[in-house]
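Structure first, commentary second.
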Amino acid sequence: MRAVLDGDLITLARAVMLWPEERRVERLHRLFDQVHAADRYCKRLRRVHPCWGNGAILSMALRMPRARAGPGDPRYLSALGCVCAGLATWQSMRQPVNRNDRTPLPLSAEKPMC
């Protein structure tokens with residue numbers, strides 16, 4: 001996945017506002033997987049993925065319907081918090097594994113609170 005900028009988070013939060021709250025975490029993780037796959041696709045084939053964009057969250061978020069929101073809207077702030085927490089969780093689950101490391105892997109990852 002490409003570097004995540006504030007514009008990525010803001011645009012994705014406006015899309016997440018339209019999603020049902022109980023499915024946000026699952027959908028965010030699937031979206032981050034698709035963005036990561038699109039980035040690998042672009043690096044390998046040197047062209048944009050036809051459905052998932054160029055590997056930036058912004059390119060994926062701009063293809064979705066988005067809600068209008070002001071900076072003080074509580075629904076927007078909740079969605080933005082969910083996006084940030086979901087991204088942090090997704091990144092912690094996707095850390096590369098050092099094959100020489102003997103530390104046990106966690107049995108389950110915590111789900112972000114949304």
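Numbers here simply count residues along the sequence, with the first being 1.
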Is there a side chain to side chain contact (heavy atoms under 4.5 Å, CB included) between Arg24 and Glu21? Walk through the geometry before answering.
CA-CA 5 Å; Arg24 286 181 178 177; Glu21 288 189 31; 3.7 Å; yes

Within the 4.5 Å heavy-atom criterion, are Asp8 and Arg2 side-chain neighbours or not?
no

Where do Ser59 and Gly55 come nearest, in terms of heavy atoms and distance?
OG-N, 4.1 Å

Would you call the rings of Phe32 and Trp90 parallel, tilted or perpendicular, taking 30° and 60° as the class edges?
tilted

Within the 4.5 Å heavy-atom criterion, are Arg23 and Arg30 side-chain neighbours or not?
yes

In this structure, CG of Leu5 is separated from CD1 of Ile10 (nearest 0.5 Å) by 10.5 Å

Heavy atoms only: give me the nearest Ala38-Gly53 pair and the separation to one decimal.
CB-O, 3.7 Å

Does the side chain of Leu87 come within less than 4.5 Å of Leu12's, by heavy atoms?
no

Side-chain contact test, heavy atoms from C-beta onward, threshold under 4.5 Å: evaluate it for Tyr41 versus Pro50 and give yes or no.
yes

Sidechain-backbone polar pair: Asn54 side chain, Val48 backbone, donor-acceptor under 3.5 Å
no

Under 3.5 Å donor-acceptor, Arg66 side chain and Leu62 backbone
yes

Between Val16 and the options Leu31, Leu28, Leu9, the side-chain contact (heavy atoms from CB on, under 4.5 Å) test singles out Leu28

Shortest non-hydrogen contact from Ala61 toward Thr11
CB-CG2, 3.7 Å

Is Leu58 reachable from Met64 through a run of hydrophobic residues whose side-chain heavy atoms are each under 4.5 Å from the next?
no

Is it the case that atom CZ in Arg63 sees more than 12 heavy atoms from other parts of the structure closer than 6.0 Å?
yes

Which atom names give the shortest non-hydrogen contact between Ala13 and Ala79, and what distance separates them?
O-CB, 3.5 Å

Note, Asp73 side chain near Met17 side chain (heavy atom, < 4.5 Å):
yes

With a 3.5 Å distance limit and no angle check, can you tell me whether Asp39 reaches the backbone of Met1 through a side-chain donor-acceptor pair?
yes

Locate the shortest heavy-atom distance separating Arg27 from Pro20; write the atom from each residue and the value.
NH1-CD, 4.1 Å

Side-chain contact test, heavy atoms from C-beta onward, threshold under 4.5 Å: evaluate it for His29 versus Thr89 and give yes or no.
yes

